[in-house]
Amino acid sequence: MNLAGLIRHNAELVARALEGEGPAREALVGALSLAALTEDATRALVVLARDGGATWAEIGELLHVSRQAAQQRFGGAEMTESTVASVRQATQVVAHLGNGEFAAVHAMFDALMSSKLGVDELGAVWRQLVSNLGELRDTGTAAVTKKGGYTIVDIPLAFAEAEMKARVTFNTDGSIGGLYILNPE
């Protein structure tokens, strides 16, 4: 599912629950995903606007910030379409974990990760985290770094009892070569 489809799907979940026609628990995870997806969409639209010839001053005006603020926030060389896709995929990983969809996360692993961490083990680790830290309540804005051919996406996580971060490391083919839940630095 592409970014537009993810936004549409999660917005429909939230709207149905707010209208009393859908489960609130599922919609809560959808709302959490929407927050991260909105950031992804903004970044992707900035890339498209820049590719279409928009200046940083024009983008800043649309976002009600200065040219410099827009360029600092969105102008990093790392904000390519593949990086936006990595942020989107990392956001999906966190949403899948929060929904207990461990097989969906496992399917994104590379061969080594898949052989070292099975679906059941992944589920057990997540359930232990939730048991210790409480339910996942919110996520923050993703930060992206690139190292040695890997794209590393850190997503702040707000559990009921503690703040953590998810670190998802992507190989050049888009498969997951590392998945960590870490103390925030």
Side-chain angles (χ1 to χ4, degrees), residues 1-7 9-10 13 23 25-41 43-44 76-185:
M1 190 177 300
N2 63 20
L3 180 59
L6 287 169
I7 290 170
H9 172 75
N10 285 298
L13 286 175
R25 184 179 176 131
E26 187 178 329
L28 185 60
V29 175
L32 179 77
S33 296
L34 270 175
L37 291 169
T38 300
E39 179 68 19
D40 295 349
R43 289 185 180 282
E78 71 276 358
M79 287 319 299
T80 63
E81 186 58 39
S82 68
T83 301
V84 171
S86 295
V87 170
R88 183 173 47 242
Q89 189 174 357
T91 302
Q92 287 178 313
V93 167
V94 171
H96 286 316
L97 290 171
N99 287 329
E101 298 166 348
F102 308 115
V105 176
H106 190 266
M108 297 181 210
F109 287 174
D110 67 12
L112 181 59
M113 276 287 293
S114 190
S115 72
K116 299 292 183 184
L117 183 63
V119 174
D120 293 338
E121 293 87 0
L122 177 61
V125 168
W126 184 260
R127 285 188 292 277
Q128 184 64 46
L129 273 169
V130 170
S131 174
N132 291 338
L133 306 176
E135 291 293 323
L136 179 63
R137 303 266 171 113
D138 199 6
T139 61
T141 300
V144 180
T145 56
K146 292 193 181 246
K147 274 190 184 169
Y150 297 101
T151 301
I152 303 162
V153 181
D154 287 346
I155 300 178
L157 306 174
F159 289 91
E161 304 296 325
E163 302 287 321
M164 302 295 281
K165 74 176 173 183
R167 174 168 289 165
V168 187
T169 303
F170 294 100
N171 299 308
T172 55
D173 66 0
S175 64
I176 296 173
L179 174 61
Y180 312 91
I181 306 296
L182 305 169
N183 287 315
E185 297 163 1

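Position 1 is the first residue of the sequence, and the numbers go up from there.
Side-chain contact between Leu97 and Val105 is present, with heavy atoms from C-beta onward closer than 4.5 Å. Between Leu122 and Leu179 the shortest side-chain heavy-atom distance falls below 4.5 Å. Two residues are said to be in side-chain contact when any heavy atoms from C-beta on lie closer than 4.5 Å; Trp126 and His96 fail this criterion. Contact check for Ile155 versus Val168: no side-chain heavy atoms found under the 4.5 Å cut-off. When side chains are defined from C-beta on, Phe102 does not count as touching Asp120, because their heavy atoms never get closer than 4.5 Å. Between Ile181 and Lys165, the closest side-chain pair of non-hydrogen atoms is not below 4.5 Å.
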>> As a quick check of understanding, evaluate side-chain contact (heavy atoms from CB on, under 4.5 Å) for Val144 and Thr151, giving each step before the final call.
In response: CA-CA 7 Å; Val144 180; Thr151 301; 3.8 Å; yes

> Is there a side-chain contact (heavy atoms from CB on, under 4.5 Å) between Arg43 and Val87 once you walk through the steps?
Replying inline: CA-CA 10 Å; Arg43 289 185 180 282; Val87 170; 5.9 Å; no

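Remark: the backbone N or O of Gly174 is paired with a side-chain donor or acceptor of Gln89 at under 3.5 angstrom. A donor-acceptor contact shorter than 3.5 Å links the side chain of His106 to the backbone of Leu117.
Closest approach of Ala162 to Leu133, counting heavy atoms only: CB-CD2, 3.7 Å. Between Val153 and Ala90, the closest heavy-atom pair is CG1-CB, 3.6 Å. A pairwise comparison of heavy atoms in Thr172 and Gly149 identifies CG2-O, 3.1 Å as the closest pair. The heavy-atom pair separating Ser175 from Asp110 by the smallest distance is OG-CB, 3.4 Å.
Taking CD1 from Ile176 and CZ from Phe170, the interatomic distance works out to 5.0 Å, rounded to the nearest 0.5 Å. Atom-to-atom distance recorded for Leu28:CG and Glu26:CD is 11.0 Å, nearest 0.5 angstrom. Taken to the nearest 0.5 Å, the CG atom of Leu136 stands 10.0 Å off from the CG atom of Leu129. Atom CG of residue Leu34 and atom CG of residue Leu13 lie 8.5 Å apart, to the nearest 0.5 angstrom.
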